[in-house]
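A short write-up of the structure that comes next.
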Amino acid sequence: MGLSSQKYIAVKLLIMYLNSRKSHDIEQMVKEFNGFNLVAHNCLINANVDWGNVSEARRLFDEMPERNEVSWTVLISGLLRNGRVAEAMWYFERNPFPNVFLWTATISGLVQNGLSSEAMRVFVKMLASGVAPNDVTFTSVVRACGELGDSGLGKSVLGLIVKVGFEDNLSVSNSFISFNLKLGNIDLARRIFDRMEERDVVSWTAILDMYVDMGDLREARRIFVEMPERNEISWSVMISRYSQGGYPKEAVSLFHEMVQCGLIPNTSCYSSVISALASLRALQEGKNIHGHVLKIGMDRDIFICSSLVDLYCKCGNTKDGRLLFDSVLEKNVVCWNSMVTGYSLNGQLAEAKELFNQIPNKNNISWNSLITGYIETENFDRAFEVFNEMILSGEQPNKSTFSSVLKACASLVSLERGEYMHAKVVKLGFQNDIFMGTALVDMYAKTGNIESSRMVFNGMLIKNEIAWTAMIQGLAENGFAEESLAFFEEMEQTSTIKPNDLILLSVLFACSHCGLVDKGLFYFNSMEKVYGITPSERHYTSVVDMLSRAGRISEAEKFMTNMPFEPEVNAWAALLSGCKTYGNKKLAEKIATKLSELAETKSGGYVLLSNVYASSGRWLDVLNIRKMMNEKGVKKSGGCSWIEVRNRIHLFFSQDDSHAQSAELSEVLELLNSEMVIL
DNA sequence: TTAGGGTTAG
C-alpha cells in the first residue's frame, strides 16, 4: 500500500468521523482494510479519544505492531485531555520520539489538568534536553505562570521569550493578556492589547471576557458588537457569562441570535444555553435542544450531558435525568454531581445517598449536594452527620458548605452548633465573604442571639440586599421592633438597595408590634407606588394584625372586605384575637361562623380552625373541633419538638413515646411536676 | 502540540 492511498483512507475516515461520528462504521472500515495501516489506526485512536472512549484508545495503541510519533502524541495528549494524567506520564517517560510537539502537548495537558507546577518542571527538563520551545510551547508556559499566580516567574519567562524573539508573536501576546488579567493587572492587559500590531478574535475575546469578569455586562456587550471579528467562542463567552451571571433569559436570546446569524454553535454554547434553560425551568425548549444535539451527534459530549441531566432534574424529571446519566460511558465528577443534586433537589434522598456512595472521585460539591438535600428535606440530623463524615474524609468544606450548615443551625435554633461553625469559618478565613456574613447574621438572629447578629452585620465590609433583609427581619422577629425600623431607615438613607417584599413584611411586622399603625399603613400604601412591589396575602394579613392589635377592629374588618383576594386564615385569626382583646363578641361570632364554613371547603381547614380558636384562647371551641375531626376521621399531623444534648438531636412527637429513654424522661417529668406543686 | 470558551453545590 503506497503512501497516497494511506492518506486517502485517513482522509476518508476523518470525513466519516466528522459526518457521522459513528465508531462502528469506522471500525468496520478499518477491518475491511487488508492488513495494518498506521495512519488509519492513528485516526481511530484519535476518534476514540474524542468520543471519550479513552480506554479503548489505549487498547488500540497497546496492540499496534508499530508506532510513529503521531501515535504517541495522539495517545498522550488524548489521555491528558481526559484527565488521565498518571497514565499519560507513564507513556511520556517511555516515548522514543521526544520532539517539540510532544513536549508541548504534555506541558499544555498538565496545565489543563491544573498541574501547572508539574508543567513548569517538564518545561525546565525540555530546555535541559536541548529541544527548542516554539511559540505554542510559550503560550502554554505563560498560561501555567498565570495559573500559579506567579508574576516573578512570568517575568523570567518573558525574558526568555524576548531572547528567543517571540515577543511579537500573536499567540504569545494573547497569552500575556490573559496572564495579566489573571493577576488582576487589568491596565497592563489593556496596554498589551492596545499596543498589538495584529489582533485576532482571541485577543478580542480576552478583552471581552475582561469586562464580563468585572461584571460590566453592558461594556462587554459594546465590545462584542464592535469586535471586527466574532467566532463561536466569542459567542460562547457571552452566552455562558450571561447564564452564569444570573441572566438566563438574555443567554437564551443571545443563543437564538447566534443561530439566526447563521453561525454553528459549539459544545460550549449548547451546554451554556441548556444550563440557562435549566435555570428557567424551560423543559420543552430544553427537550428541543436535546433533540437537536442528538441529531448533530453532540450527544456524547460530557458538558452537554451534564447540563442535560441538570435540566431534566431541575424540571422535576429525575427519571429522564437518570436515563441520560446512565447512558454516559465515562462520567466525570460533574456529571455524577449533577445527578446527586438532581435527586437531592427533588427530595429523593435515598437515591441521592446511594449514588453519592458510588462516586469514584468525590469533590466538595458532591458533599455539598448531599448536605443541601438533607437540609431541604429538613433532615438536619443527617445533614450534620454528612458534614462530619466530610471532615473525617479529609475533604475541605468551602463557603457553600458553611452557607448550608449555618442554615441548618438556624432552622434547628442550635446556637451551640452555630458558634462552632462560626469558629470554623474564621479559622478558614471565610469571615469576610458576603455569603458567610449573611448566613451568620441570619443564624444568630434565628437562634435568638441578636447581639452577635448585629455584631457580624456591622462588621460586614459590603452589605447586599440579603444581608439587610436578614438583619431587619431578625430584629423584628426578636422583638426589637424599633431598632428594626431604624435599620430599615438607615438602609434607605445610606445604600442604593431597594426594599424587597420580605423587608417590607418585616417593617409591617415591626410597626405592628410597636403600635406604630399609621407608619405601618404609610409603608403599606407606599409598596406599590414607591417600591413597585405588589403586596401579597402575607402583607395584607400583617396590616389586619396591626389594626386589630391597636383595637381598630372595624377598620380591620373593612380592610379585609376590600382585599383583592380571599383573606388568609391567619388574617381571620388576627381579627378574632383583636375581637377577644377588645370584647367585640358580635363580630367574634360572625368570624366563627365564617371560619366553620372555610373549614368545610378547605383541606386541612379543621386544623387551621382549631389553631385559630387556640390562639384566641377559645378552648371549648378547640375541643369541639377536635371532636368533630375525630368523628369525621380527619387526622392531624403530630406536634414535634426537639432538644440538642451533646451534639445529638433528640426528637419528641406528641402522643408518642418512641424515644429510647421515654420511660425515664416521664419519670423525671413527674418528679419535676410534684416539685412544682410543693413550691 | 497553543492562547480566548463550557457542565454541578450555597
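Here is the naming used below: chain letters follow the sequence lines, and residue numbers restart at 1 for every chain.
Among the protein residues, A/Val201 comes within range of the nucleic acid bases, having at least one heavy atom under 4.0 Å from a base atom. If you check every strand for non-hydrogen atoms under 4.0 Å, A/Asp135 touches nothing. Base contact: A/Asn398 has a heavy atom under 4.0 Å from a base atom. Across all strands, A/Ser171 comes closer than 4.0 Å to base atoms (heavy-atom distances). Within 4.0 Å (heavy atoms only), A/Asn363 reaches no atom of the nucleic acid at all. Residue contacts shown for A/Thr267 include a base, since a base heavy atom lies under 4.0 Å away. A/Asn99 comes within contact range of no nucleotide atom at all, as no heavy-atom separation falls under 4.0 Å. Using a 4.0 Å heavy-atom criterion, one finds that A/Lys407 contacts no nucleic acid atom at all. Nucleic acid contact for A/Glu376: none, since no nucleic acid atom lies under 4.0 Å from a heavy atom of the residue. Residue contacts for A/Val334: at a heavy-atom cut-off of 4.0 Å it reaches a base atom on one of the strands shown.
With hydrogens and angles left out, the side chain of A/Ser306 and the base of B/dT7 share a donor-acceptor pair within 3.5 Å. In this model, no side-chain donor or acceptor of A/Asp200 finds a partner on the base of B/dG4 within 3.5 Å.
Distance CD1 (A/Ile233) to P (B/dG6): 10 Å, rounded to an integer number of Å. Separating the CG atom of A/Leu254 from the C1' atom of B/dG5 is a distance of 13 Å, rounded to the nearest angstrom. Rounded to an integer number of Å, the gap from CD of A/Gln244 to C1' of B/dA9 is 14 Å. Atom P of nucleotide B/dG4 and atom CZ of A/Arg143 are separated by 5 Å, given to the nearest angstrom. Rounded to a whole Å, the CZ atom of A/Phe356 is 16 Å from the P atom of B/dA9. Across the protein-nucleic acid pair, A/Asn368 atom CG and B/dA9 atom C1' stand 5 Å apart, rounded to whole Å. A/Leu370 places its CG atom 14 Å from the C1' atom of B/dT8, with the value rounded to the nearest Å. The OH atom of A/Tyr91 sits 19 Å away from the P atom of B/dT1 (whole-angstrom rounding).
Among B/dG5, B/dT7, B/dT1, the nucleotide with an atom closest to any side-chain atom of A/Ser307 is B/dT7. Minimum atom distance to the side chain of A/Asn231 is reached by B/dG4, of the listed B/dG5, B/dG4, B/dT1. Among the nucleotides B/dG10, B/dT7, B/dG4, the one closest to the side chain of A/Ser178 is B/dG4. Closest approach to the A/Ser240 side chain among B/dT8, B/dG5, B/dT1 is made by B/dG5 (side chain taken as heavy atoms from C-beta onward). Of the candidates B/dT1, B/dA9, B/dG6, B/dT1 carries the atom nearest the A/Val136 side chain, counting heavy atoms from C-beta on. Listed nucleotides: B/dG4, B/dG6, B/dA9. Nearest to the side chain of A/Thr341: B/dA9. The listed nucleotides are B/dG6, B/dT2, B/dG5; the one nearest the side chain of A/Asp301 is B/dG6.
A sub-4.0 Å separation between OP1 or OP2 of B/dT8 and a side-chain N or O of A/Ser275 is present. Close to B/dA9, at under 4.0 Å from its OP1 or OP2, lies a side-chain N or O of A/Lys314.
The aromatic ring centres of A/Phe92 and A/Trp103 sit less than 6.0 Å apart. Residues A/Phe325 and A/Trp336 bring their aromatic ring centres within 6.0 Å. Proximity of the aromatic rings of A/Phe255 and A/Trp235 is defined here by a centroid distance below 6.0 angstrom, and this criterion is not met.
With its ring centre under 5.5 Å from that of the base six-membered ring and a plane angle below 30°, A/Phe435 counts as stacked on B/dG10.
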side-chain hydrogen bond (donor to acceptor under 3.5 Å, both in side chains) between A/Asn500 and A/Thr469, worked out: CA-CA 8 Å; A/Asn500 58 28; A/Thr469 309; 3.2 Å; yes
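Annotation: cation-pi geometry satisfied between A/Arg417 and A/Phe384 (NZ/CZ under 6.0 angstrom from ring centroid, within 45° of ring axis).
With no hydrogens or angles considered, no side-chain donor-acceptor pair links A/Arg241 and A/Tyr247 at under 3.5 Å. A donor-acceptor contact closer than 3.5 angstrom is absent between the side chains of A/Asn361 and A/Asn332.
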